[in-house]
Amino acid sequence: MNRNMAKNYDPKDFEDRIYEMWESSGAFRAERDPEKKPFTIVMPPPNITGQLHMGHALDQTLQDVLTRFRRLQGYSALWLPGSDHASIATEVKVVDRIREEEGKEKEDLGREEFLKRAWQWKKEFGGKITKQCRKLGDSCDWDRERFTMDEGCSKAVNHFFVQLYNKGLIYRGNRLINWCPQCGTSLSDAEVEHEDKNGYYWYFRYPGADGSEGIVVATSRPETMFGDVAIAVSPEDERYRDMVGKTVILPLVNREIPVIADPYPDPEKGTGAVKITPAHDENDFQVGQRHGLENLCCINEDATMNDLAGKYAGMDRYECRKAWVKDLEDGGYLVKTEEMVIPVGECYRCHTVVEPMLSDQWFVRMEELAKPAIEAAKNGTLRHVPDRFEKVYLHWLEEIRDWCISRQLWWGHRIPAYYCEDCGELMVCEEAPQTCTKCGSSRIRQDEDVLDTWFSSALWPFSTLGWPEETEDLKYFYPTDVLVTGYDIIFFWVVRMVFSALETTGEVPFHDVYVHGLVRDEQGRKMSKSLGNGIDPLEVINQYGADALRFMLTTGITPGNDMRFKKDRLEAARNFANKLWNASRFVLMNLDEDGVEEVDPALWKDEDKWILSRVNDAVRYVTETMEKYDLALAGQRVYDLIWNEYCDWYIEIVKERLYGDDEQDKKTAQYVLVRALRDMLTLLHPFMPFITEEIWGFLPGQAEERDNADSYLIRAKWPVYDENLTYPEEVRCLEMAMDIIRSIRNIRAEAEAPSGKKLRAIVLCNKDKEPVARAGERYVRTLANLTELTFIGDKSEVPEEVMSAVVDGAEVFVPLDDLMDYEAELGRLQKEKKRLEGEVRRVDGKLSNQGFLSKAPAKLVDEEKAKKVRYEEMLDKVNQRLALVEKKIGG
RNA sequence: GUUCCGUUAGCUCAGCUGGGAGAGCGAUUGGGUCACAACCAAUAGGUCGGCGGUUCGAGCCCGUCACGGAACACCA
């Protein structure tokens with residue numbers, strides 16, 4: 001039997017080995033066990049282009065903690081992993097690689113060859129993150145790992161697309177979309193980030209066609225003037241009333257455009273007159289629609305000007321802006337220039353300024369789809385944790401506009417729409433048609449575009465379980481229980497999963513959304529590539545161990561709030577692991593060869609009952625907080641239990657028995673030590689799976705079972721709160737003993753007596769407390785490092801030369817011989833007096849308040865009354881001592 | 001502009017449905033004690049951002065202001 005734990009805690013010694021042991025034994029596999037309740041989490045699929053960063057580490061650790069907790073509770077816990085094809089990001093990477101290695105553009109290769117390269121790239125780098133996840137200890141079911149572009153998910157995408165199309169919820173239209181000239185594709189509204197930039201308002205005069213002064217209009221984007229088709233003013237605006245219905249001249253271009261009245265312009269803003277460019281501005285587009293105006297596009301897809309811009313054609317949009325403003329100024333049309341902060345939209349991938357453009361794209365009609373998703377949140381079928389995020393979710397859904405889903409890229413799910421080359425018929429179907437359903441032609445062309453990455457992500461909770469097939473997994477594990485994700489991704493993902501699931505499966509994809517914040521650097525800045533302030537989780541694991549990282553990430557947070565990555569908190573977590581390691585080693589070293597046997601509770605000592613009831617309390621607290629997703633509180637409680645109660649008190653108390661001669665008592669202590677440790681390891685396991693599993697393997701009865709996967713901690717039983725395991729009497733005894741011990745230690749420190757020096761102590765206690773105090777004698781003697789502890793029944797027996805302390809129900813005296821320091825004693829007593837007076841004052845205040853007496857709960861009033869008695873008694877004793885000491889010093 | 005979050009010990013943060021302010025780190029003091037110096041023991045540090053209100057009672061609820069941060073919107 002191997003019970004020798006390594007002397008030093010070094011996570012490198014076992015973390016990889018433990019993980020391998022779990023994985024190869026199938027500990028992560030979730031079976032469809034009809035005897036068990038399912039618990040399901042789908043992992044937000046990391047991009048195949050990415051590397052594991054702190055955000056993943058947080059996100060995944062939270063999921064792993066929840067999964068392990070439920071698995072221990074006896075659920076069939078499935079954590080389903082996978083990765084996302086990340087259309088734009090991957091395409092950019094592959095394009096770069098081809099350019100670098102082959103000196104070619106993707107167009108040179110053609111679509112088919114390009115896709116071969118992309119799949120090759122996926123094969124080489126796509127598994128990177130999932131490999132790194134293992135270092136974190138992620139207990140996901142790798143046998144069920146999925147990819148958004150694998151066969152099943154692709155089938156789900158086509159099925160969903162066709163279903164929506166057939167219901168009229170997907171349409172193709174010529175609408176204003178966000179265009180990224182760098183990525184060369186359209187973007188959805190969610191993919192545009194707004195940023196304020198320094199810019200200008202240029203005020204230009206559009207002369208009247210009749211030779212009048214015309215109208216002055218402000219713009220921050222003069223280059224779009226080539227697409228102007230009207231000037232709009234408010235019908236309420238007196239200044240321009242006469243102009244409505246007339247025409248003005250587009251400067252230098254010399255095109256005549258009408259002045260129209262429309263509610264859109266706000267007379268307060270700018271000059272109150274707005275140039276209308278329907279092809280390059282959403283609001284203008286709507287004005288154009290209302291007035292039947294033409295849409296004039298003047299900018300190309302690569303952000304150069306087109307022929308409409310005349311001599312500027314071919315110029316970049318910003319170069320054109322410069323030249324055009326100069327020319328207008330020279331022509332005398334520039335009235336004034338104003339510096340302004342201009343909000344601009346940027347591509348969330350490459351941060352190029354997005355150009356609003358009129359374009360043929362595919363859209364999802366959102367109005368109908370949004371309704372059940374809104375309802376699900378409102379009626380509580382879908383809960384947000386913390387609940388304030390429900391507001392964010394609802395706000396987005398209530399304001400939602402149609403979703404542009406087509407992308408002008410190659411890497412992704414190709415849109416399942418087909419056109420007949422002969423008659424132009426449009427066919428939308430899951431499998432490519434061989435012939436045109438209308439004219440029978442076999443000249444069929446598939447739509448060139450691919451779908452928004454998020455279109456497939458939206459199906460993730462059910463496509464990964466087999467949808468649209470009615471698989472056994474789908475029936476058993478769906479809907480999933482909780483989705484864990486950052487708040488930055490609610491719009492992209494959470495909202496879309498909910499409405500897609502409600503539309504297809506008729507159910508919410510998950511009941512709870514647990515939203516967490518961002519991991520920031522030590523100074524509170526966002527971790528980013530450009531700042532270079534990112535911290536690599538793998539390096540942290542290498543240095544401190546995965547358990548320390550996990551504990552730090554999960555206990556240092558409040559749900560929904562950002563956290564700072566502080567090194568000292570990481571060290572604290574590592575130190576905690578070290579503490580647990582050493583305590584466990586101590587326990588194991590003090591066991592007999594033949595292990596431990598259950599000991600009848602009749603033989604338990606007070607401290608045994610005390611620690612077991614503390615563990616029992618923690619079991620209830622930890623279970624409750626975990627179920628409410630208050631992981632930080634749960635983790636903190638286990639920390640306190642292990643360090644402050646088990647190590648600092650119980651182990652210290654029990655040492656004497658372990659080293660003593662009473663064989664039965666020794667066995668009792670061993671049994672309780674192991675029993676408490678076993679429960680604590682289980683409670684801590686979700687947070688620190690490696691170290692707890694490693695220690696578990698050394699416990700008596702486990703070592704022989706090392707080949708039996710069912711005996712691993714990962715598969716153990718979560719402890720259940722036991723109503724019979726409460727011992728109020730014994731707990732009170734221990735607490736009194738601790739009070740006395742603390743008071744003696746305090747006296748020792750105040751008197752600057754060396755902590756190694758043995759002291760004598762005398763306890764004078766209230767009659768009713770005497771049995772309790774005497775019961776604690778053993779602990780006090782040992783833990784306060786005393787040679788002698790005597791109990792006296794009367795004040796007259798107190799020697800003269802003593803330092804004293806008052807605790808609840810007793811007075812403690814320490815004769816300090818030649819070390820006697822009356823000044824220190826005086827200071828201590830005065831401080832104590834002040835404190836007690838404060839307490840008495842507070843309690844008196846409450847008890848003299850009629851409102852409190854009549855309105856506060858009776859239990860509370862009684863408690864306060866009891867406190868008053870206690871404090872006054874203690875204060876009285878302190879005052880008596882004080883008088884004595886003052887007399888001594890004075891005399 | 002709309003909405004949201006934060007403001008608690010020197011620092012970073014907890015504080016569950018209102019009922020005697022906590023932790024970690026840091027500081028100070030003492031300790032090489034046979035599980036652990038990645039440790040032990042003890043101590044000091046807070047009119048819980050300001051002002052009003054509700055309540056017998058407010059760090060917690062309401063209003064308001066200040067400062068810090070975020071999301072959404074806005075390119076006349």
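Just so it is clear: chains get the letters A, B, ... in the order the sequence lines come, proteins before strands, and each one is counted from 1.
If you check B:rA76, B:rC72, B:rA42 against the side chain of A:His395, the one that comes closest is B:rC72. For A:Arg564, taking side-chain heavy atoms from C-beta onward, the closest of the listed nucleotides B:rC13, B:rG19, B:rC74 is B:rC13. Between B:rA41, B:rA38, B:rA42, one nucleotide has an atom nearer to the side chain of A:Ala749 than all others, and that is B:rA42. Of all nucleotides listed (B:rA38, B:rG24, B:rA35), B:rG24 comes nearest to the side chain of A:Tyr639. Distance from the side chain of A:Asp568 is smallest to B:rC25 among B:rC25, B:rA76, B:rC13. For A:Arg742, the listed nucleotide lying nearest its side chain is B:rA42; candidates were B:rA14, B:rA42, B:rC40. Comparing B:rC16, B:rA76, B:rC39 against the side chain of A:Tyr621 picks out B:rC16 as the nearest. Of all nucleotides listed (B:rG6, B:rA38, B:rC13), B:rG6 comes nearest to the side chain of A:Asn561. Residue A:Ala583 places its side chain closer to B:rA35 than to any other of B:rA71, B:rA35, B:rC11. Nearest nucleotide to the side chain of A:Lys579, out of B:rG19, B:rA14, B:rA35: B:rA35.
The phosphate of B:rC34 has neither OP1 nor OP2 within less than 4.0 Å of any side-chain N or O from A:Lys655. A:Lys391 has a side-chain polar atom (N or O) that falls below the 4.0 Å cut-off from OP1 or OP2 of B:rC4.
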Under the side chain to side chain contact (heavy atoms under 4.5 Å, CB included) criterion, do A:His280 and A:Glu355 qualify, and how do the steps go? CA-CA 7 Å; A:His280 294 290; A:Glu355 197 61 45; 4.2 Å; yes
Worked check of side chain to side chain donor-acceptor pair (under 3.5 Å) between A:Asp562 and A:Tyr487: CA-CA 10 Å; A:Asp562 292 351; A:Tyr487 58 68; 2.8 Å; yes
May I have the step-by-step check of ring pair (Phe, Tyr, Trp, His ring centres under 6.0 Å) for A:Phe576 and A:Phe687, ending in yes or no? CA-CA 12 Å; A:Phe576 173 51; A:Phe687 298 92; 9.8 Å; no
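One C1' atom belongs to B:rU28, the other to B:rG10, and the distance between them is 13 Å to the nearest Å. Using atom C1' as the reference point in both B:rG22 and B:rG46, the two lie 11 Å apart (nearest Å). When the C1' atom is used for both B:rA23 and B:rC74, the distance is 44 Å, rounded to whole Å. Going from the P atom of B:rG52 to that of B:rC40 covers 46 Å, rounded to whole Å. When the P atom is compared between B:rA35 and B:rU43, the two are found 25 Å apart, to the nearest whole Å. When the P atom is used for both B:rA21 and B:rU64, the distance is 29 Å, rounded to whole Å. The gap from the P atom of B:rG19 to that of B:rA27 amounts to 34 Å, rounded to the nearest Å.
B:rA14 atom C1' lies 13 Å from atom CZ of A:Phe551, rounded to whole Å. When rounded to the nearest whole Å, the span between CG of A:Asn590 and P of B:rA35 equals 7 Å. We find that CD1 of A:Ile489 is positioned 15 Å from C1' of B:rA71, with the value rounded to whole Å. In this structure, A:Trp396 atom CH2 and B:rU2 atom C1' are separated by 15 Å, rounded to whole Å. Atom pair A:Phe491:CZ and B:rC72:C1' shows a separation of 6 Å (rounding to whole Å applied). We find that CD1 of A:Ile691 is positioned 12 Å from C1' of B:rA38, with the value rounded to whole Å. Atoms NZ (A:Lys7) and P (B:rC36) sit 5 Å apart, rounded to a whole Å. In this entry the distance linking CG of A:Asn582 with P of B:rA38 reads 11 Å, nearest Å.
Contact annotation for A:Lys197: no contact, since no heavy-atom pair falls under 4.0 Å across all strands. Residue contacts for A:Tyr203: at a heavy-atom cut-off of 4.0 Å it reaches no nucleic acid atom on any strand shown. Heavy atoms of A:Asn198 sit nowhere under 4.0 angstrom from any nucleic acid atom. Within the nucleic acid shown, A:Gln850 has no heavy atom closer than 4.0 Å to any nucleic acid atom. If you check every strand for non-hydrogen atoms under 4.0 Å, A:Arg388 touches sugar and phosphate atoms only. Across all strands, A:Val392 comes closer than 4.0 Å to no nucleic acid atom at all (heavy-atom distances). Across all strands shown, A:Leu633 has heavy atoms under 4.0 Å from sugar-phosphate atoms exclusively, and none from any base. Residue A:Phe389 is classed as having no contact, given no heavy-atom separation below 4.0 Å to the nucleic acid. Using a 4.0 Å heavy-atom cutoff across all strands shown, A:Glu652 reaches at least one base atom of the nucleic acid. Using a 4.0 Å heavy-atom criterion, one finds that A:Arg574 contacts the bases of the nucleic acid, with or without backbone contacts as well. As judged by a 4.0 angstrom heavy-atom cut-off over every strand, A:Asp266 is placed among the base-contacting residues.
Counting heavy atoms of neighbouring residues, nucleotides and ligands inside a 6.0 Å radius, atom OH of A:Tyr200 does not exceed 12 of them. Atom CD of A:Glu398 has more than 12 neighbouring heavy atoms from other residues, nucleotides or ligands inside a 6.0 Å radius.
Scanning atom types as modelled, no donor and acceptor separated by under 3.5 angstrom connect the side chain of A:Arg745 and the base of B:rA42. Counting distance only, with no hydrogens placed and no angle test, the side-chain atoms of A:Glu268 and the base atoms of B:rA76 include no donor-acceptor pair under 3.5 Å. Residue-to-nucleotide contacts include a donor-acceptor pair under 3.5 Å from the side chain of A:Tyr264 to the base of B:rA76.
Counting only distance, with no hydrogens or angles, the side chain of A:Glu872 and the backbone of A:Val840 share no donor-acceptor pair below 3.5 Å.
Aromatic ring orientation, A:Tyr629 versus A:Tyr514: tilted (interplanar angle from 30° to 60°).
Relative to the ring axis of A:Tyr639, A:Lys579 does not place its NZ or CZ within 45° and under 6.0 Å from the centre.
If you find the closest nucleotide of RNA chain B to A:Lys269 and to A:Trp649, the one lying nearer the 5' end belongs to A:Trp649.
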